[in-house]
4 protein chains.
Amino acid sequence: MPKSSQKKTEPCTGNKAPGRPRCPEAHEKILKSAYEMLLEVGFNDLTIEGIAARAGVGKPTIYRRWSNKARLVIDAFLAETSPELSFPDTGKVKEDIRLQMYRLVNLMNSPRGQVIATIIGGGQADSEVIDAFLSNWLFPRREDCSKVIKKGMEREEIRTDVDIESVIDALYSPLFYRLLLKHGLLTEEFVDEIISIVMSGLDKS
Amino acid sequence: MPKSSQKKTEPCTGNKAPGRPRCPEAHEKILKSAYEMLLEVGFNDLTIEGIAARAGVGKPTIYRRWSNKARLVIDAFLAETSPELSFPDTGKVKEDIRLQMYRLVNLMNSPRGQVIATIIGGGQADSEVIDAFLSNWLFPRREDCSKVIKKGMEREEIRTDVDIESVIDALYSPLFYRLLLKHGLLTEEFVDEIISIVMSGLDKS
Amino acid sequence: MPKSSQKKTEPCTGNKAPGRPRCPEAHEKILKSAYEMLLEVGFNDLTIEGIAARAGVGKPTIYRRWSNKARLVIDAFLAETSPELSFPDTGKVKEDIRLQMYRLVNLMNSPRGQVIATIIGGGQADSEVIDAFLSNWLFPRREDCSKVIKKGMEREEIRTDVDIESVIDALYSPLFYRLLLKHGLLTEEFVDEIISIVMSGLDKS
Amino acid sequence: MPKSSQKKTEPCTGNKAPGRPRCPEAHEKILKSAYEMLLEVGFNDLTIEGIAARAGVGKPTIYRRWSNKARLVIDAFLAETSPELSFPDTGKVKEDIRLQMYRLVNLMNSPRGQVIATIIGGGQADSEVIDAFLSNWLFPRREDCSKVIKKGMEREEIRTDVDIESVIDALYSPLFYRLLLKHGLLTEEFVDEIISIVMSGLDKS
DNA sequence: ACCTAAGCGAGACGGTACGTCAGGTCTTTCG
DNA sequence: CGAAAGACCTGACGTACCGTCTCGCTTAGGT
């Protein structure tokens, strides 16, 4: 977890906090401003100065809580995207995955899809951003997916002699590929096509 | 003003540009400097000022030719990566693709792989960069790949009822995915795994 | 005389001029543009580039004729202000001077007064400008004034034991002073006052 | 002014400005550098970049305090030239003025005279410079002079039916005239001559 | 009737300085 | 005593002109 949580919780375990307490309103205003600007201008054109101005706080107030733009963005954006990408449970693995991929495609086609793209883009210059994206966003979803696939293996719907990580890569990477390179549309038909290609070789049959 | 009008229009109705032509040596020096600095410091820490200084040219000479850093990088980097990614011709489609994917993985693991990553990353804030990456780099290679797959279809090595574009996406996107997200290694084993998953469903059998 | 005249006349004194002669229309267009822009933006904000653009000529065409902005301005402005500042001949020295000073005040209150001010101002950074202003503009008028004063001395209207140069300075410097420092209005009443102060001590009485 | 007002007023219901105070050393270093460079290269060739470099500060630190070169020069030069131009008190008005004019001529012949000239020159393109020169430099000295003349009038040394402003102009403008146009030397003899011309008509006799 | 030298408009050249922006740090005052 | 505010220095931005230098041409006198 980023430093902000630690700093906030540690002194509070003792029942007195020395010095002036951090203004909780500032915290919220900063996150709100950062999130809004992220949607408006993307990760690269996001500036600490701009966030500070919009939130009506000083720059050090931001730097004190988040050591850099990446960590702030993580708190502002990544830490709260969960529920809409959950997996359904239809009883059939391929359908569970298909429906969740539909949801992901839907998200990618929304403004927030562009935010994800700019975060991954910005992360190419800052490994911390990528690391945070992985641990706060991607890995939880991959873990969910992994569970679904394992369930399918247990049900003997799909082969068990494949590397699950690679399967997940094969399924999801085309979506990110098109999100980032924009050489083709992100449609449900494309999802169907990818599932067809990837899963047809995994059928237990 | 009989003279000036004549002078201005007459020669320009002809075929050439008026004024001093742009110095081709400056062009080369700039591209060379940009390419070297790209490898040394990456896309984000690249500065026009630094390139100008290293190339021994003035900043306006750069801005006169490329409107921003992105376009310069495209010319500096993308215009010369071709030959090492050609497809072999072993007679077996799957092997042709496998070997070329090995080459791509090899490239991605070199410093130039990081340059590609930063270009795609930078492109998230500038669609022109992505467009240039597509037309100057990606599409030519996809076209090559497409030909190989079609050849395989003619030879009846693989099924003909699939969308070639989606197949290419399924094959290559995992490599870019790992290049950009760094959640897994880009190894030849990973290539084998992807080919196994994707191609096993495409076998004409 | 500025270099342009020399260049133009010298080869012509020799009976051969090799090469294409300089286009006289360009000369006129440049001077006209320079004069207009001088009125519009003043000496300091005058740019060779702007003059060239307005005149529809190339920069080298200007630099070929005038080595710097100062020399161009001299030709564009100073070489043609003469007639309106001539001295009348009323028979009374004090009146001749008074009327001519009225004319000068009138000129100084026109846009061209500001041009003179910016030329003197710009000349503080370029002694050539001042020198040209002196020889092309100021000295001819001082010479005229000197003749008028000498005539007054001969007529025994004024004392002969004073330094004429100092008298001219005493008479005219207040006008330039107010032109440049703008701490007081340049009116005919002010002229009267100065003449009263300076000439009252010079009366032959 | 969204941020500053809100934030500034809320916690600062107290009396002082929040934030780090402006470094007074930087202030001094900038003024010192500007003054030195003014002596070396004059107003026109003075650059903010050069001042910043010599003072060892960043350009924004200068721009934060002075909106343009003119205002900086005013502070750097004009705000501190007073004492050497004070009037003596010999008991005789003409002598008081003569001695002070000697001092002014002496100043004008020093490097600082050239600085004054370039400031007046530069002021022709920027009325703020002239205004500042008037209020910070010229008017205080004119006021001193005015007092001396009035004293002379009370003592019945000189006539009382003349406009004091015009007298001051008549006395001092020749010095500035020669300072700026350089058509004659600024000597004590010249001062004597001017005083002779101007004051001879003012004698109470 | 050709040379050939100098002119032409156009515009790129290497530079310098501009005034701005954002970065990340430091210092004061206030709660 | 630490949070908040804002000035600090740095460094790069992209622009405007500088004065010079090719370009491909035109012009006209001297061979």
Side-chain angles (χ1 to χ4, degrees), chain A residues 11 17-23 26 47-50 52 56-65 67-69, chain B residues 3-12 14 16-23 25-26 45-50 52 55-65 67-69, chain C residues 11 15-23 25-26 47-50 52-53 55-65 67-69, chain D residues 3-4 7-8 10-23 25-26 45 47-50 52 56-65 67-69:
Chain A
R20 175 176 175 176
R22 285 190 179 168
C23 174
T47 66
I48 297 288
E49 201 135 350
V57 304
K59 278 193 290 179
T61 301
I62 296 180
Y63 280 110
R64 204 173 296 116
R65 294 169 151 93
S67 57
N68 53 49
K69 194 167 73 171
Chain B
K3 186 174 352 179
S4 64
S5 320
Q6 290 174 4
K7 285 243 169 156
K8 229 184 150 179
T9 51
E10 267 195 301
C12 292
K16 289 183 184 175
R20 175 176 175 176
R22 289 186 177 169
C23 175
E25 294 175 20
D45 290 343
L46 197 65
T47 67
I48 298 287
E49 204 136 354
V57 306
K59 275 195 292 177
T61 299
I62 296 180
Y63 283 110
R64 209 173 284 124
R65 295 153 193 261
S67 57
N68 53 52
K69 193 169 74 172
Chain C
N15 50 5
K16 65 176 179 182
R20 174 178 175 175
R22 288 186 179 168
C23 173
E25 294 174 22
T47 67
I48 298 287
E49 202 135 348
V57 306
K59 279 194 291 178
T61 301
I62 296 180
Y63 280 109
R64 207 174 288 122
R65 294 168 150 93
S67 57
N68 54 49
K69 192 169 73 171
Chain D
K3 171 177 61 180
S4 60
K7 280 272 158 163
K8 240 183 146 177
E10 265 194 292
C12 293
T13 48
N15 45 0
K16 288 184 185 177
R20 175 177 175 175
R22 289 190 176 167
C23 174
E25 295 174 20
D45 291 343
T47 67
I48 298 287
E49 201 135 355
V57 307
K59 276 192 291 178
T61 300
I62 295 180
Y63 282 109
R64 207 175 289 122
R65 294 153 194 259
S67 56
N68 53 51
K69 194 168 73 172

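Side-chain atoms are counted along with the backbone in the values below, which use heavy atoms only and exclude waters and symmetry mates. Just so we're on the same page: letters track the sequence lines, and every chain starts at 1. Just so it is clear, the structure is predicted and the values come from calculations on it, not from any experiment.
Remark: the backbone N or O of C:Pro60 is not paired with any side-chain donor or acceptor of C:Arg65 at under 3.5 angstrom.
Closest approach to the C:Ala26 side chain among E:dC8, E:dG11, E:dG23 is made by E:dC8 (side chain taken as heavy atoms from C-beta onward). Side-chain proximity of C:Tyr63 to F:dA28, F:dC18, E:dA12: nearest is F:dC18. When each of F:dC21, E:dG9, E:dA22 is scored by its nearest atom to the side-chain atoms of C:Val57, the top-ranked nucleotide is E:dG9.
Among the atoms of the strands shown, only primed sugar atoms or phosphate atoms (P, OP1, OP2) are found under 4.0 Å from some heavy atom of B:Arg22.
Counting atom types as modelled, B:Lys59 pairs no side-chain N or O with a base atom of E:dG14 as donor and acceptor under 3.5 Å. C:Arg20 contributes no side-chain N or O that forms a donor-acceptor pair with the base of E:dA5 under 3.5 Å.
Dashed line: the shortest gap from a side-chain N or O of C:Thr61 to OP1 or OP2 of E:dG9 is under 4.0 Å. Look at C:Arg65 and you'll find a side-chain N or O under 4.0 angstrom from OP1 or OP2 of E:dC8.
Summarising the geometry, atom NZ belonging to A:Lys69 is positioned 8.0 Å from atom OG1 belonging to A:Thr47; distances are rounded to the nearest 0.5 Å.
Going from atom CD1 of D:Ile62 over to atom C1' of F:dA7 covers 15 Å, rounded to whole Å. Rounded to whole Å, atom P of E:dT25 lies 13 Å from atom CZ of A:Arg64. Atom-to-atom, CD of A:Glu49 to P of F:dG6 comes out at 12 Å; the value is rounded to the nearest Å. Distance CG (D:Asn68) to C1' (E:dC18): 13 Å, rounded to an integer number of Å. When rounded to the nearest whole Å, the span between CD of C:Glu25 and P of E:dG7 equals 17 Å. The interatomic distance linking B:Lys69 (NZ) with F:dC13 (P) rounds to 7 Å, in whole Å.
Contact between C:Ile48 and C:Ile62 at its shortest, heavy atoms only, is O-CD1, 4.0 Å. Listed here is the closest heavy atom pair of B:Glu49 and B:Lys59: OE1-NZ, 3.6 Å.
If you find the closest nucleotide of DNA chain F to B:Thr47 and to B:Pro60, the one lying nearer the 5' end belongs to B:Thr47. Heavy-atom distances to DNA chain E give each of A:Gly50 and B:Gly56 a nearest nucleotide, and the one nearer the 5′ end belongs to B:Gly56. With the nearest nucleotide of DNA chain E identified for both A:Ile48 and C:Ala55, C:Ala55 has the one nearer the 5' end.
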